[in-house]
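Within every chain, numbering begins at 1; the chains are lettered A, B, ... in the order of the sequence lines, protein sequences first and strands thereafter.
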Amino acid sequence: PPKTPASAPPPPVAKPAVFIPVNRTPEMQEERLKLPILAEEQAIMEAVAEHPIVIVCGETGSGKTTQVPQFLYEAGYSSEDSIIGVTEPRRVAAVAMSQRVAKEMNLSHRVVSYQIRYEGNVTEETRIKFMTDGVLLKEIQKDFLLLKYKVVIIDEAHERSVYTDILLGLLSRIVALRAKRHLPLKLLIMSATLRVEDFTQNQRLFTTPPPVIKVESRQFPVTVHFNKRTPLDDYSGECFRKVCKIHRMLPAGGILVFLTGQAEVHALCRRLRKAFPFRCSQPQEKEEDSAEGMRRFKKSRTRARKAQAMALPQINLDNYSVLPAGEGDEDREAEMDDEEEALGSDLDLDLGDSEANEGEQPDASLPLHVLPLYSLLAPEKQAQVFKPPPEGTRLCVVATNVAETSLTIPGIKYVVDCGKVKKRYYDRVTGVSSFRVTWVSQASADQRAGRAGRTEPGHCYRLYSSAVFGDFEQFPPPEITRRPVEDLILQMKALSIEKVINFPFPTPPSVEALVAAEELLVALGALQAPPKQERMKKLQMSQLSCPITALGRTMSTFPVAPRYAKMLALSQQHGCLPYTIAIVAAMTVRELFEELDRPAASEKELAELKGRRARVAQMKRTWAGQGPSLKLGDLMVLLGAVGACEYAGCSPQFCQANGLRYKAMLEIRRLRGQLTTAVNAVCPEAGLFLDPKMQPPTESQVTYLRQIMAAGLGDHLARRVQSEDLLDPKWKNAYKTPLLDDPVFIHPSSVLFKELPEFVVYQEIVETTKMYMKGVSTVEIQWIPSLLPSYCQFDAPLEEPAPSYCPESGQVLCHRASVFYRVGWPLPAVQVDFPEGIDRYKYFARFLLEGQVFRKLASFKSCLLSSPSTMLKTWARLQPRTETLLRALVAHKADSRDSLLAAWKKNPKYLLAEYCEWLPKAMHSDVEKNWPPTTDS
DNA sequence: GTTAGGGTT
């Protein structure tokens with residue numbers, strides 16, 4: 001570019017009039033113009049030009065995810081060396097959005113690309129990159145300033161995924177650092193709700209509140225109907241009755257029911273299918289005897305015909321304000337109670353919420369096409385809900401929360417919301433988790449209602465009163481406040497954020513959660529323990545600012561939980577890595593086995609389920625094996641399952657036959673690939689590869705694996721209760737753990753359920769009817785002090801066996817007995833490093849004098865004026881040479897071979913005089929010639 | 001002697 005002459009006036013600082021042309025098809029352009037966000041393009045781009053950080057709020061249907069990246073692209077916010085990054089909380093969204101935007105812009109996926117955990121199509125040409133939030137967090141580890149991005153868009157920020165929250169905290173700092181470097185980075189935060197106070201009112205996060213731009217949405221109106229009464233517990237039954245009424249009384253349109261779990265979903269599906277069977281050519285006779293039955297039958301036939309007629313698209317289904325004449329009037333009056341009449345409540349499609357238990361019997365209404373939907377459902381079965389229902393039927397999807405955010409079902413006009421959600425809870429102190437069903441938040445309830453208005457105006461039936469709704473939490477608490485955070489803390493420490501307490505979290509985790517995370521990471525050796533003298537004072541501060549160790553840095557490169565990362569870090573020896581990788585991958589992917597405990601709908605299905613359950617139980621026993629192999633317990637089952645499945649080519653048939661979830665096994669395969677790459681990156685000499693025909697581990701490898709598992713799960717050690725505790729029947733077959741007063745049990749699905757080994761480690765404790773340990777493996781008592789020293793309180797070194805010198809490590813060793821922390825379980829004495837302190841110097845001095853540390857000194861041993869063992873005698877002080885030598889060692893902290901070598905590096909004459917005191921004068925010159933005695937010759 | 005929702009590196 002031509003140089004501006006020094007005398008010329010500075011160029012005007014007007015916004016660059018950049019406009020990157022996009023060659024959209026006319027159809028696409030027309031579609032885009034319908035989106036409300038297009039009206040806000042100028043406002044958004046002006047805000048972005050003037051502010052480093054901008055918040056865009058717009059509900060589903062505003063088009064913000066697809067359009068804002070295009071606005072930025074057209075305004076020149078991407079070039080050869082700077083791209084636009086967009087994060088999504090879900091993989092499917094990242095992939096789908098990249099494809100959608102590429103199509104809208106008429107650009108190749110080489111330009112508009114995606115990157116998710118295992119795959120991506122990013123190229124050098126990429127200008128807009130969609131990715132999962134976790135991917136961007138990992139990228140910050142490699143390039144803290146995110147220099148290849150000119151803009152980062154955090155989408156769905158209102159969902160408050162843990163990675164989104166951490167990203168926002170980091171980006172608030174990165175934006176400032178980039179500004180200092182005159183390489184400005186723009187941050188756009190996109191939220192579907194106006195819940196942005198955690199971002200705007202958080203001074204630590206953003207010192208000046210970023211501007212908020214609101215965008216209209218293109219949602220159709222949804223009429224919300226509350227129940228007058230709130231059922232006490234039978235919300236499933238209430239769902240059933242409401243669906244029946246909608247189906248009988250209301251015009252065409254899909255029904256979406258929100259329930260809380262797999263079992264509930266299946267139960268309601270069965271009940272609804274029975275009530276509205278698919279083939280009902282002949283009406284059921286037995287019910288039509290009574291006049292009431294006949295009346296109902298006639299009515300339902302009428303409705304069925306009407307519903308079919310109304311399915312014609314020309315008819316506006318919402319163009320009436322009361323129920324169609326002659327339909328349901330009696331029912332309505334019968335159901336209306338005085339309160340409702342007095343209040344004159346909105347009768348528009350309000351179905352009432354009477355307890356009338358009609359419709360349990362098969363009904364001649366339109367068949368109802370009932371489909372279950374939950375996350376763990378096989379993808380091909382999930383896909384059913386996206387197809388139009390068979391001709392002449394109404395779609396009814398019975399779903400868990402997966403339909404609230406993750407999956408959008410087309411054609412839903414009615415939503416039935418039980419108002420409940422199942423969530424996992426963690427006990428902050430003990431780590432025990434449980435699942436509880438609670439009321440949803442108002443925001444969730446509104447999100448569920450919104451699912452009825454995607455394609456046309458809709459209705460949402462809430463099976464609780466408006467008063468109860470008023471008592472709901474406004475928003476669900478952010479995920480980061482609800483779960484353990486050791487994985488996040490390790491990631492942050494790897495980014496050199498030592499004082500996590502000062503990190504600008506949008507919403508910080510509790511201090512207990514932060515302390516628990518650092519304690520675990522210290523115990524795993526991933527963080528440096530706080531200095532001992534600070535243990536009492538400022539305990540919490542120092543606990544919350546432990547720096548990362550070399551081991552921690554290695555662990556942070558493994559994309560799994562820190563406990564599992566520790567296992568990987570320990571597995572280089574004895575060829576254990578392929579096995580540890582398989583086990584860790586299987587532990588990380590949840591729900592390996594299909595749920596087969598559902599009640600069967602038919603005799604045939606019952607027989608099939610029984611057969612499959614038996615087969616799975618048999619396979620688990622086979623995989624666990626006998627003897628030493630069985631001691632690895634449920635983790636051996638995981639290894640066996642992964643090995644056998646992979647050997648069979650991971651075919652859907654093999655999975656089906658053995659009760660394994662195909663999707664889970666594919667995820668394990670991909671995770672094994674990723675972990676293999678990650679291990680090779682830190683340990684290239686391992687030369688690991690994924691062997692589809694991996695042989696089972698040898699007997700000794702199984703033992704090493706048990707030790708590796710124990711070392712990673714040290715804080716999850718449990719001991720079988722001793723006979724003296726068995727007086728109380730509640731402790732029968734129970735285990736005790738350091739942090740729990742109550743008994744815990746091996747889960748009945750564990751292969752160790754009947755074995756009852758004395759010591760076990762477990763993957764997790766889930767509280768259901770009891771506190772159950774899952775993922776159990778056995779531990780030998782003598783392993784505990786050597787594998788888990790940070791959880792053991794050691795006694796003084798034993799005199800017998802006597803302390804010794806270790807030629808390999810150059811350290812003083814000794815035997816020490818110990819007890820396990822908090823519970824005081826006595827543990828056998830094992831050989832460990834001699835504890836720091838004066839006695840270690842004494843023993844080191846003795847071994848040095850004996851010539852054990854440096855062989856050169858051995859030749860002088862016979863001439864020593866005192867026995868080396870004098871160093872340890874109580875009367876040692878009576879001999880000044882002991883005291884002199886000891887002081888010299890202490891002064892230079894020389895209590896091991898390495899520390900002594902370091903001292904000699906600084907001063908080669910170090911310790912010469914003190915050593916000479918132990919020898920007759922005649923030998924001093926000989927000693928001097930050979931000083932320091934570090935070479936063998 | 002079982003009962004687990006939804007995400008992600």
Side-chain angles (χ1 to χ4, degrees), chain A residues 87-94 115-118 131-142 156 159-167 258-267 373-377 399-407 420-425 433-438 440 444 447 476 478-480 482-483 487-488 490-491 494 555-562 564-565 585 588-599 613 616-617 661 664 667 670-671 674-675 677-678 732-733 745-750 753-754 756 764 766-774:
Chain A
T87 72
E88 296 290 331
R90 282 169 291 280
R91 292 181 198 159
V92 274
Q115 180 69 52
I116 60 175
R117 181 164 192 163
Y118 305 109
M131 66 203 119
T132 37
D133 43 16
V135 165
L136 188 61
L137 189 55
K138 275 279 165 190
E139 281 187 21
I140 293 180
Q141 240 173 53
K142 293 188 199 97
E156 313 282 14
E159 287 190 24
R160 306 296 304 275
S161 95
V162 288
Y163 295 121
T164 289
D165 270 18
I166 304 263
L167 276 176
F258 282 100
L259 279 176
T260 71
Q262 252 186 75
E264 271 174 24
V265 164
H266 280 296
L373 184 67
Y374 47 86
S375 168
L376 292 176
L377 190 68
T400 62
N401 231 16
V402 72
E404 189 181 302
T405 48
S406 302
L407 296 173
K420 302 277 183 156
V421 67
K422 188 181 280 171
K423 270 187 175 177
R424 188 173 190 150
Y425 286 78
S433 62
S434 57
F435 288 85
R436 285 182 225 159
V437 173
T438 60
V440 296
S444 288
Q447 172 76 14
E479 190 70 30
I480 201 167
R482 304 195 62 254
R483 73 164 183 79
D487 53 341
L488 307 173
L490 182 59
Q491 294 302 308
M555 284 167 58
S556 76
T557 68
F558 300 146
V560 287
Y564 304 159
T588 300
V589 174
R590 57 179 202 137
E591 306 299 327
L592 227 62
F593 292 95
E594 221 181 304
E595 175 63 56
L596 296 174
D597 283 341
R598 58 174 183 272
R613 280 200 287 260
V616 172
R661 268 180 58 234
E667 179 82 10
R670 298 201 287 179
L671 183 49
Q674 195 189 25
L675 292 178
T677 309
K732 187 171 181 263
N733 296 336
F745 299 86
I746 295 180
H747 193 273
S749 68
S750 167
F753 178 63
K754 286 181 180 149
L756 298 170
E764 59 173 354
V766 181
E767 185 173 12
T768 53
T769 53
K770 284 176 173 177
M771 279 197 266
Y772 283 115
M773 296 182 279
K774 305 182 107 179

Nucleotides 2-9 of chain B: protein proximity per nucleotide (B base, S sugar-phosphate only, - neither; heavy atom, under 4.0 Å): SBBBBSBB
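For the side-chain contact (heavy atoms from CB on, under 4.5 Å) with A:V402, the qualifying choice from A:L377, A:L376, A:L373 is A:L373, the only one to do so.
In this structure, A:P476 and A:R482 have side chains that are not in contact, with every pair of non-hydrogen atoms separated by 4.5 Å or more.
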Applying salt bridge (charged side-chain N to carboxylate O under 4.0 Å, His left out), run through A:E159 and A:R90 and close with a yes or a no. CA-CA 11 Å; A:E159 287 190 24; A:R90 282 169 291 280; 2.7 Å; yes
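A:E139 has no carboxylate O lying under 4.0 Å from a charged side-chain N of A:K142, or vice versa, which leaves the two without a salt bridge. Between A:E764 and A:R590 there is no salt bridge, since no side-chain nitrogen of the basic residue lies less than 4.0 Å from a carboxylate oxygen of the acidic one.
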